[in-house]
Amino acid sequence: EAKRAGGGRYVLFDTEMRERVVRRGDIEGDLRRALQEQQLFVLYQPVVGLLDGGGTDYATGVEALVRWQHPTRGIVSPVEFIQVAEECGLIGAVGDFVLRQSCEDFVRWQAELGEGAPRLLAVNLSRAQLAQPGWTEVVSGILAATGMQAPRLQLEVTESLAAQDQQVQERLHQLKALGIKLALDDFGTGYSSLASLHLLPVDTVKIDRSFVSQGDTSHHHRVLIEATVMVARSLGMDTVAEGIETPEQAAVVRELKCDKGQGYLFSRPLSSGALLDWLGARAPQQTT
Ligand code: C2E
Ligand code: MG
Ligand code: MG
Ligand code: MG
C-alpha cells in the first residue's frame, strides 16, 4: 500500500514537473515578445517616514515593482517571471527596462512636483544582473541618459546575494563609488545575520514582511525587529519595515524606532499617475 501511495506521488510529481517545464517554456517565449512589444510596466509603492513629526505618511521614497501585462494571462507577478528571466538570460533586458523606466518617471516627478517629489527611488536587483560584465557602466549610462542623480537611486539586493561572493562584493563597491545607495532587502529571511551586517556596504536594511506581520503578536519577532533596528542604527544604516498591513503593526515598528515603513496600510503599488494623485492628497499644506 505504501508502495502504491509512493508510486501515486511519483506520478503526480512527474505531471507537476512536466507542467512546470511546459509553463516555463511558455513564459520564456512570451517574455521575449513582451520585451519587444512593451508589455512590461512598472508600479511604485510609497515608502513613508515613520518617525517625522507631522505628516507621518508622506512618501520619502518609492519602490519600483515590475509587472507584465500578458496578452491572455492578465497581469503576471514578478514572482512568476523574474526567476525565469534569470534562467533564460533575459534578466539583463528586464532589469535595464525597469531601471530606465523608473529613473525617467522619477526625474519627471521631480520636474512636476519639486519639493513634493519622492526623495528616493528603490529598484530591485537580481543576482544575474549584478554578475553581468560591464553592468556598472550600463547603470551610469542610464543615469546620464535620464538625468537621474546617483544618490537618489537605491538598489536593493537580498541577503544571500550580497553575502555570496567576491565578484558581487566588488560590484556593490563600484555602485557605491558612483554615489548610488544600497539596501539589503528581505532582511531576516536569509542565512546572514546581524553579526555580519557590518561586512556589507549597505545604507538601508529592509526588515522582511514575515517579521513585521508578527511584530504585534509575537514577542520573538518584536525582539528581532528591535535588535535589527539597534544594530543597523549603530552601523549608520537606516531601516524600513516591509509589508505593514495594520495600524497595530505600524505602531510596533514606530515604537521600535524603525525609520520608514512600506505596506498596504499606506498604499499598494501604484501606477505613476495614481502615485501623483496619492502624493497630492498627502502633501503637507503649503504655508504662504
Ligand atoms: P520585494 O522587493 O520584497 O518587494 C515587496 C513585495 O511585497 C512586492 O511584491 C509588494 O507588492 C509586496 N507588498 C508590499 N506591501 C505589502 C503588504 O502590506 N502585504 C503584502 N502581502 N505584500 C506587500 P511584488 O511586487 O509581487 O514583488 C515581489 C518580489 O519580486 C519583490 O519583493 C522583488 O524581490 C521581486 N521584484 C519585483 N520587481 C522586480 C524587478 O524589477 N527586478 C527584480 N530583480 N526583482 C523584482
Ligand atoms: Mg525590494
Ligand atoms: Mg523586500
Ligand atoms: Mg519581501
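Remember, it's 1-based here, ligands and their atoms both numbered in the order they're listed.
The distance from ligand 1 to the heavy atoms of Gln45 drops below 4.0 Å at these ligand atoms: 14 (C), 15 (N). Residue contact check: Leu125 has heavy atoms under 4.0 Å from atoms 44 (N) of ligand 1. Numbered from 1 in the order shown, with element, the atoms of ligand 1 that lie under 4.0 Å from a heavy atom of Glu242 read 3 (O). Shown in contact with Val98 at under 4.0 Å from a heavy atom are these atoms of ligand 1, numbered in order with element: 41 (O). Close approach of ligand 1 to Glu245 is summarised as follows: ligand atoms under 4.0 Å from at least one heavy atom of the residue are 17 (C), 18 (O), 19 (N), 20 (C), 21 (N).
Proximity of Lys206 to ligand 1, defined as any heavy-atom pair under 4.0 Å, is not found for any part of the residue.
Counting heavy atoms only, Asn124 comes closest to atom 2 (O) of ligand 1 of the residues Asn124, Leu40, Asp208. Counting heavy atoms only, Glu63 comes closest to atom 4 (O) of ligand 1 of the residues Glu63, Glu156, Gln101, Arg268. In this structure, of Leu43, Val79, Val42, the residue bringing a heavy atom nearest to atom 29 (C) of ligand 1 is Val79. Counting only non-hydrogen atoms, the option in Ala183, Pro78, Gly261, Ser213 that gets closest to atom 36 (N) of ligand 1 is Pro78. Considering Leu65, Val66, Val123 only, the shortest heavy-atom separation from atom 31 (C) of ligand 1 involves Leu65.
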Item checked: side chain to side chain contact (heavy atoms under 4.5 Å, CB included) assessment of Val123 paired with Leu155 -> CA-CA 5 Å; Val123 178; Leu155 296 174; 4.0 Å; yes

Note to self: Could you go through Tyr44 and Trp278, starting from their C-alpha distance and side-chain angles, then the distance that decides it, and tell me whether this counts as ring pair (Phe, Tyr, Trp, His ring centres under 6.0 Å)?
What the structure shows: CA-CA 11 Å; Tyr44 300 96; Trp278 188 93; over 10 Å; no

Notebook entry, point to check: Do Arg33 and Gln36 pass the side chain to side chain donor-acceptor pair (under 3.5 Å) test, and can you show the C-alpha distance, the side-chain angles, and the key distance before you say yes or no?
Noted result: CA-CA 5 Å; Arg33 283 184 58 139; Gln36 284 155 11; over 6 Å; no

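Side chains of Leu35 and Val94 form a contact here, defined as non-hydrogen atoms less than 4.5 Å apart.
Salt bridge Glu104/Arg100: absent, no basic N to carboxylate O contact under 4.0 Å. Taking 4.0 Å as the cut-off between side-chain N and carboxylate O, Glu255 and Arg222 count as a salt-bridged pair. Using a cut-off of 4.0 Å between Lys/Arg side-chain N and Asp/Glu carboxylate O, Asp259 and Arg233 are scored as salt-bridged.
The closest donor-acceptor contact from the side chain of Gln129 to the backbone of Ser126 lies under 3.5 Å. Without hydrogens or angle criteria, Ser196 side chain to Leu199 main chain gives no donor-acceptor distance under 3.5 Å. Looking only at distances, no side-chain donor or acceptor of Thr158 sits under 3.5 Å from a matching main-chain atom of Asp186.
Excluding waters, the protein N/O/S atoms found under 2.8 Å from the Mg ion (ligand 2) are Glu63 OE2, Asn124 OD1, Glu156 OE1, Asp185 OD2.
There is a side-chain donor-acceptor pair under 3.5 Å between Thr204 and Asp238.
Taking distance alone, with nitrogen or oxygen atoms compared against 3.5 Å, Gln262 stays at or beyond that limit from ligand 1.
Ligand 1 has at least one atom lying under 4.0 Å from a heavy atom of Pro269. Contact annotation: Arg67 has at least one heavy atom less than 4.0 Å from an atom of ligand 1.
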Could you give the side-chain donor-acceptor pairs of residues 63-70 under 3.5 Å, partners two or more places apart or in another chain?
{"unit_1": "Glu63", "atom_1": "OE1", "unit_2": "Lys206", "atom_2": "NZ", "d": "2.9"}
{"unit_1": "Glu63", "atom_1": "OE1", "unit_2": "Gln262", "atom_2": "NE2", "d": "2.7"}
{"unit_1": "Glu63", "atom_1": "OE2", "unit_2": "Asn124", "atom_2": "ND2", "d": "2.8"}
{"unit_1": "Trp68", "atom_1": "NE1", "unit_2": "Gln39", "atom_2": "OE1", "d": "2.9"}
{"unit_1": "His70", "atom_1": "ND1", "unit_2": "Thr72", "atom_2": "N", "d": "3.1"}
{"unit_1": "His70", "atom_1": "ND1", "unit_2": "Thr72", "atom_2": "OG1", "d": "3.4"}
{"unit_1": "His70", "atom_1": "ND1", "unit_2": "Arg73", "atom_2": "N", "d": "3.0"}
{"unit_1": "His70", "atom_1": "NE2", "unit_2": "Asp30", "atom_2": "OD2", "d": "2.6"}

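Tested against Asp203, the residues Lys181, Lys260, Lys176 include a single salt bridge (charged side-chain N to carboxylate O under 4.0 Å, His left out) partner, Lys176.
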